[in-house]
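We're numbering straight along the sequence, starting at 1. Only heavy atoms go into these numbers, but all of them, side chains included; no hydrogens, no water, no symmetry mates.
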Amino acid sequence: MSAQIIDGKKIAAKIRQDLTLKIKQLQKDHNLTPGLAVVIIGEDPASQVYVRNKRNACEETGIKSVGYDLPESTSQKDLLELINKLNEDDDIDGILVQFPVPDHIDTETVIEAIRPDKDVDGFHPYNIGRLAVRMPALRSCTPYGVMKLLESTGETFHGKEALIVGASNHVGRPMALELLLAGCTVSISHRFTRDLEAWVRRSEIIVVAAGKPGLVKGEWIRPGATVIDIGINRTDKGKLVGDVDFESARQNAAWITPVPGGVGPMTVATLMLNTIEAATSRRNIKP
C-alpha cells in the first residue's frame with residue numbers, strides 16, 4: 001500500500017483560478033477590486049519569501065496589493081499607528097502583518113489592533129471565537145487550507161478520530177476547531193502529551209504542526225489514515241522536510257501531503273479567499 005499524494009499546488013492553483021474569475025465579476029458588477037495591505041518588519045529571509053509569494057498571488061488573482069516594508073527598528077507605536085490608518089482606509093479590505101516580528105514588538109498586541117473584519121490571517125481572538133461557537137467569519141488561513149485539502153480526498157469527516165500534533169494559537173487550536181466543526185472527534189497533543197505514539201496509532205486523521213522534523217514516525221500511522229504535514233524544516237543539507245517521516249508514513253497512510261507542495265500553497269490561496277470574503281462582507285455583497 002502506498003498513499004495517494006494530496007497535491008496542494010494543484011488544488012491551490014484551482015482556487016486561485018476561480019478567485020480570478022470572481023474578482024473580474026466583482027469589478028464588472030460592483031466596480032470592486034479587493035485590497036490587501038501586507039506589512040513586513042525587518043529582513044528575515046523566510047518572511048521575505050512568504051511575503052513575495054503572497055504579493056505574487058495577489059497580482060495573479062487581481063487583488064490590489066499594497067506593500068509596507070518597514071525597517072527592523074520600527075517601534076511598536078509606529079506599527080500600531082500604521083495599522084490604525086489601514087483600519088480606517090476604505091480601499092484596504094485586508095491587513096496582514098507578516099510574523100514573526102522583532103522582539104521589541106508584542107505579537108498579540110499587533111493581532112488585536114487589526115480590525116476583525118480586516119483580519120485576513122484569521123488570528124484575531126474575535127475570529128477564533130466565532131469559529132469556536134460554530135459561526136465562522138474570517139478563518140485562520142493554514143487550518144482553512146488544510147480543510148480544503150481534506151475535502152479534496154472525498155473522504156467523510158463525521159465521527160472520525162482526528163489528532164492535532166501541536167497546540168499553537170495560529171495553527172493547532174484553530175485546526176482543532178475546524179475539524180470539530182466538520183464532525184470529527186478531536187484530540188490535541190502538545191509537548192506535555194505522554195506516549196504520542198499511542199495517540200497517533202488510534203487516529204484516522206493526523207495533522208502535524210510541531211516544527212520538529214521526523215517527529216511522527218511512519219510505523220505509527222494507522223493503515224488507511226489521512227496525514228497532513230504542516231511542518232516545514234530545513235535540514236543541515238538544505239533540504240526541506242516536514243514533521244512526519246514521509247517515506248515510511250506513505251506506506252501506511254491512504255492520503256498524505258508532501259513537504260514542500262502540500263499545505264504551504266494552500267495557506268496563500270486561502271489568504272486570497274479571505275481577502276475577497278472581507279471585501280464582500282464589508283459591503284454586504286453576496287459572492
Chemist: Counting distance only, does the side-chain N/O of Asn274 pair as donor-acceptor with the main-chain N or O of Arg139 below 3.5 Å?
Modeler: yes
Chemist: Any Lys/Arg nitrogen of Asp69 or Arg55 sitting under 4.0 Å from an Asp/Glu carboxylate oxygen of the other?
Modeler: yes
Chemist: Looking at every non-hydrogen atom in both residues, tell me the closest pair between Pro34 and Ile63 and how far apart they are.
Modeler: O-CG2, 3.4 Å
Chemist: Please indicate whether Arg202 has more than 12 foreign heavy atoms, meaning atoms of other residues, nucleotides or ligands, lying under 6.0 Å from its CZ.
Modeler: no
Chemist: Any non-hydrogen side-chain atom of Thr142 less than 4.5 Å from a side-chain atom of Met175?
Modeler: no
Chemist: Taking the side chain as every heavy atom from C-beta outward, state whether Asp93 and Arg283 have any atom pair closer than 4.5 Å.
Modeler: yes
Chemist: With a 4.5 Å cut-off on side-chain heavy atoms, are Pro213 and Thr235 touching?
Modeler: no
Chemist: With side chains defined as the heavy atoms from C-beta onward, is the minimum distance between Glu72 and Glu43 less than 4.5 Å?
Modeler: no
Chemist: What distance do Thr61 atom OG1 and Asp18 atom CG have between them, rounded to the nearest 0.5 Å?
Modeler: 11.5 Å
Chemist: Would you indicate whether the side-chain heavy atoms of Val146 and Met266 approach each other to under 4.5 Å?
Modeler: no
Chemist: Transitive ILVMFWY cluster of Val133 at side-chain heavy atoms under 4.5 Å: who else is in it?
Modeler: Met135
Chemist: Can you check whether Asp243's main-chain N or O pairs, donor with acceptor, with Asp229's side chain at less than 3.5 Å?
Modeler: yes
Chemist: With the side chain counted from C-beta on, respond yes when Ile111 and Phe99 share a heavy-atom pair under 4.5 Å apart, and no when they do not.
Modeler: yes
Chemist: For Asp103, look at atom CG and say whether over 12 heavy atoms of other residues, nucleotides or ligands are found less than 6.0 Å away.
Modeler: no
Chemist: Is any side-chain heavy atom of Ile276 closer than 4.5 Å to a side-chain heavy atom of Leu26?
Modeler: yes
Chemist: Could you pull out the closest heavy-atom pair between Asn233 and Lys212, with the gap in Å?
Modeler: OD1-N, 4.0 Å
Chemist: What's in the same ILVMFWY side-chain cluster as Tyr126, cut-off under 4.5 Å, chained through other members?
Modeler: none
Chemist: Report yes or no: does Thr185 contribute a side-chain atom to a donor-acceptor pair with the main-chain N or O of Ala162 at less than 3.5 Å?
Modeler: no
Chemist: Between the side chain of Lys118 and the main-chain N/O of Leu86, is any donor-acceptor distance below 3.5 Å?
Modeler: yes
Chemist: Salt bridge or not for Arg16 and Glu60, using N-O below 4.0 Å?
Modeler: yes
Chemist: Under a 4.5 Å cut-off applied to non-hydrogen side-chain atoms, are Met272 and Cys58 in contact?
Modeler: yes
Chemist: Search all heavy atoms of Thr270 against all heavy atoms of Cys141 and return the closest pair with its distance.
Modeler: OG1-O, 2.9 Å
